[in-house]
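Positions are given from 1, in the same order as the sequence printed here. Every number for a ligand or one of its atoms is a count from 1 in the order of the listing.
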Amino acid sequence: MDTDLTEPDRPRPAAADEGSAFGPVGVVGAGAMGAGIAQVAATAGHAVVLVDALPGAAAGAVERIGAAVSRLVEKGRLPADEANAVLARITPAESLHDLPSCGLVIEAVPEDLDLKRRIFAELADRQPSTTVLATNTSSIDIDDIAADVADPERVLGLHFFNPPPVMKLVEVVHGERTAQAYVEHATALMTSWGKTPVRCSSTPGFIVNRVARPFYGEAQRIVESGVADAATVDWILRERGGFPMGPLELTDFIGQDVNLAVGTSVWEQTGRDERYTPTTFQQDLVSAGRLGRKSGRGVYTYAADGSVDGPEPDVELAERLVGGPVATDPLARTLAMIVNEAVDLVARGEASPDDVDTAMRLGTRYPKGPLAWGREIGFDVVARQLAELDEAYPGGRYRPSPALTDGSLT
Ligand code: NAD
């Protein structure tokens, strides 16, 4: 239940527009995400203290940020004096003891619940009661991270996408006990940093990592069942669906192990819902060390220059499959499942339709938001397609969300 911060005597989040009263932004963890987030906060004008427990790591991250802002200067995207000012705002540190009182602390240490829980308990102890405590977790429940925080209403997720300076989307994630005032405050702050915030509950996978599951899962099942090969499925989703990358080439890019870990985490957190069951296809790739581009081989095999060394798509087959029976149409089948996932999320009140559409367009560069797409296809058509799929492949994966047909989403 959200707590109302309009009650007297409750601490209020420090407001960014109070200028220096907001205090610096603390970033804990100076890896890929923490360094990027520090750059974003400093570019927005905040003094930033960037902490990493590994000796020298935060200083190294500041050097990397220096190189990144220099590249922006070279490309004419940032004036040289502003680049120097951004860099001067970031102070590296090696312990939470070195963090001054902050308006906001964003944690970006590895995805390990015990580690994050310990850091939040320490932050809550050391930081003023008005400091917003945020985690950049991609998959862990916000309430679990806040378990040892005495005042969990100030704990929330700020899920940036990689790389943070480039990606506009930030999922502002509220736990069961996060207060609405902090959510609003964090949302406004992200807007002031030039980001596009969307809000959602701490549901497994949040918006993007949840709604995207069938994009990968359907393609893997289609290839697994021999309906079409990977190159043909990727071609269909790119050329007929308008997706920037096909699902199989995208999982090679992300890393099959990373993609499998996210999918498995959503599956486990939803009580092993059949909708998210990992495929044997992907598990076999990972067991065989075929992790994608980074290992030179995944779904595809890559030459030393990064080019794909593999079969051409069978365009004739692709043209026959698209518009045919939904069970063997990679595009219709994938879209029906993405729409179903999005509808279900909205129907359960986890996120608004607009936020789901925005998140998928910005977080995964889908050509259309899934709700808008569902409206275009017709929610009743999607429901019929899912019923057909359920008949062809029984077991619960294709069960339609009741909201597809109850008229609530017209
Ligand atoms: P990373 O491994 O690159 O960086 C983590 C950093 O945390 C390391 O530099 C490590 O030394 C430091 N660290 C470890 N323990 C610490 C401690 N006790 N105190 C301070 N620093 C400590 O990880 P990353 O890819 O930047 O991911 C960080 C978080 O962001 C994770 O929760 C991850 O799920 C999430 N995330 C990652 C991505 C991505 O694409 N990499 C995208 C969105 C969210």
Side-chain angles (χ1 to χ4, degrees), residues 26-41 48-65 68 90-99 102 105-123 125-127 133-142 144-146 148 155-173 190 195 197-198 200 202 204-210 212 250-251 253-266 269 292-294 359 362-365:
V27 178
V28 182
M33 296 305 289
I37 294 167
Q39 183 185 330
V40 172
V48 176
V49 179
L50 176 58
V51 182
D52 200 293
L54 192 69
V62 174
E63 272 176 32
R64 292 201 309 277
I65 297 168
I90 307 174
T91 309
E94 296 190 351
S95 157
L96 293 184
H97 294 255
D98 303 326
L99 267 188
C102 295
V105 179
I106 305 175
E107 164 276 314
V109 302
E111 196 74 340
D112 171 335
L113 172 60
D114 288 342
L115 175 63
K116 287 185 193 282
R117 193 179 273 178
R118 272 204 313 278
I119 286 177
F120 273 75
E122 194 173 338
L123 286 173
D125 262 4
R126 293 183 178 280
Q127 290 291 318
L133 303 179
T135 171
N136 187 49
T137 181
S138 336
S139 63
I140 304 175
D141 182 52
I142 304 301
D144 286 348
I145 291 175
D148 299 328
V155 178
L156 46 79
L158 285 177
H159 185 213
F160 288 77
F161 288 72
N162 197 10
V166 175
M167 297 293 282
K168 288 272 180 207
L169 185 68
V170 178
E171 290 177 329
V172 180
V173 186
M190 290 304 102
K195 295 297 174 193
V198 293
C200 66
S202 185
F206 311 140
I207 300 175
V208 171
N209 282 334
R210 177 69 164 269
L250 181 55
T251 49
F253 183 78
I254 294 168
Q256 296 296 339
D257 52 339
V258 173
N259 188 255
L260 177 63
V262 175
T264 304
S265 155
V266 170
Q269 288 186 65
R293 282 190 173 272
K294 63 185 170 187
L362 296 185
T364 55
R365 297 201 296 135

Would you say the side chain of S139 lies within less than 4.5 Å of the side chain of V262, judging by non-hydrogen atoms?
-> no
If you measure from the Lys or Arg side-chain nitrogens to the Asp or Glu carboxylate oxygens, is any gap between R118 and E122 under 4.0 Å?
-> no
Salt-bridged, K294 to D257, with N to O below 4.0 Å?
-> yes
Which atoms form the tightest heavy-atom contact between L362 and K168, and what is the distance?
-> CD1-CB, 4.3 Å
Closest non-hydrogen atom pair, L99 against G26 | CD2-CA, 3.8 Å
Under 3.5 Å, N/O to N/O: give me all the pairs between ligand 1 and the protein, one per line with atom names and distance.
residue: ligand 1; atom: 3 (O); partner: A32; partner atom: N; Å: 3.2
residue: ligand 1; atom: 9 (O); partner: D52; partner atom: OD2; Å: 2.6
residue: ligand 1; atom: 11 (O); partner: D52; partner atom: OD1; Å: 2.7
residue: ligand 1; atom: 11 (O); partner: D52; partner atom: OD2; Å: 3.4
residue: ligand 1; atom: 21 (N); partner: A53; partner atom: N; Å: 3.3
residue: ligand 1; atom: 26 (O); partner: A32; partner atom: N; Å: 3.3
residue: ligand 1; atom: 26 (O); partner: M33; partner atom: N; Å: 2.9
residue: ligand 1; atom: 30 (O); partner: N136; partner atom: ND2; Å: 2.9
residue: ligand 1; atom: 32 (O); partner: V109; partner atom: O; Å: 3.3
residue: ligand 1; atom: 32 (O); partner: E111; partner atom: OE1; Å: 2.5
residue: ligand 1; atom: 32 (O); partner: K116; partner atom: NZ; Å: 2.8
residue: ligand 1; atom: 34 (O); partner: E111; partner atom: OE1; Å: 2.9
residue: ligand 1; atom: 34 (O); partner: S138; partner atom: OG; Å: 2.7
residue: ligand 1; atom: 36 (N); partner: S138; partner atom: OG; Å: 3.3
residue: ligand 1; atom: 40 (O); partner: N162; partner atom: ND2; Å: 3.2

Contacts of F160 meeting ring pair (Phe, Tyr, Trp, His ring centres under 6.0 Å) (sequence neighbours excluded), chain-then-number -> none
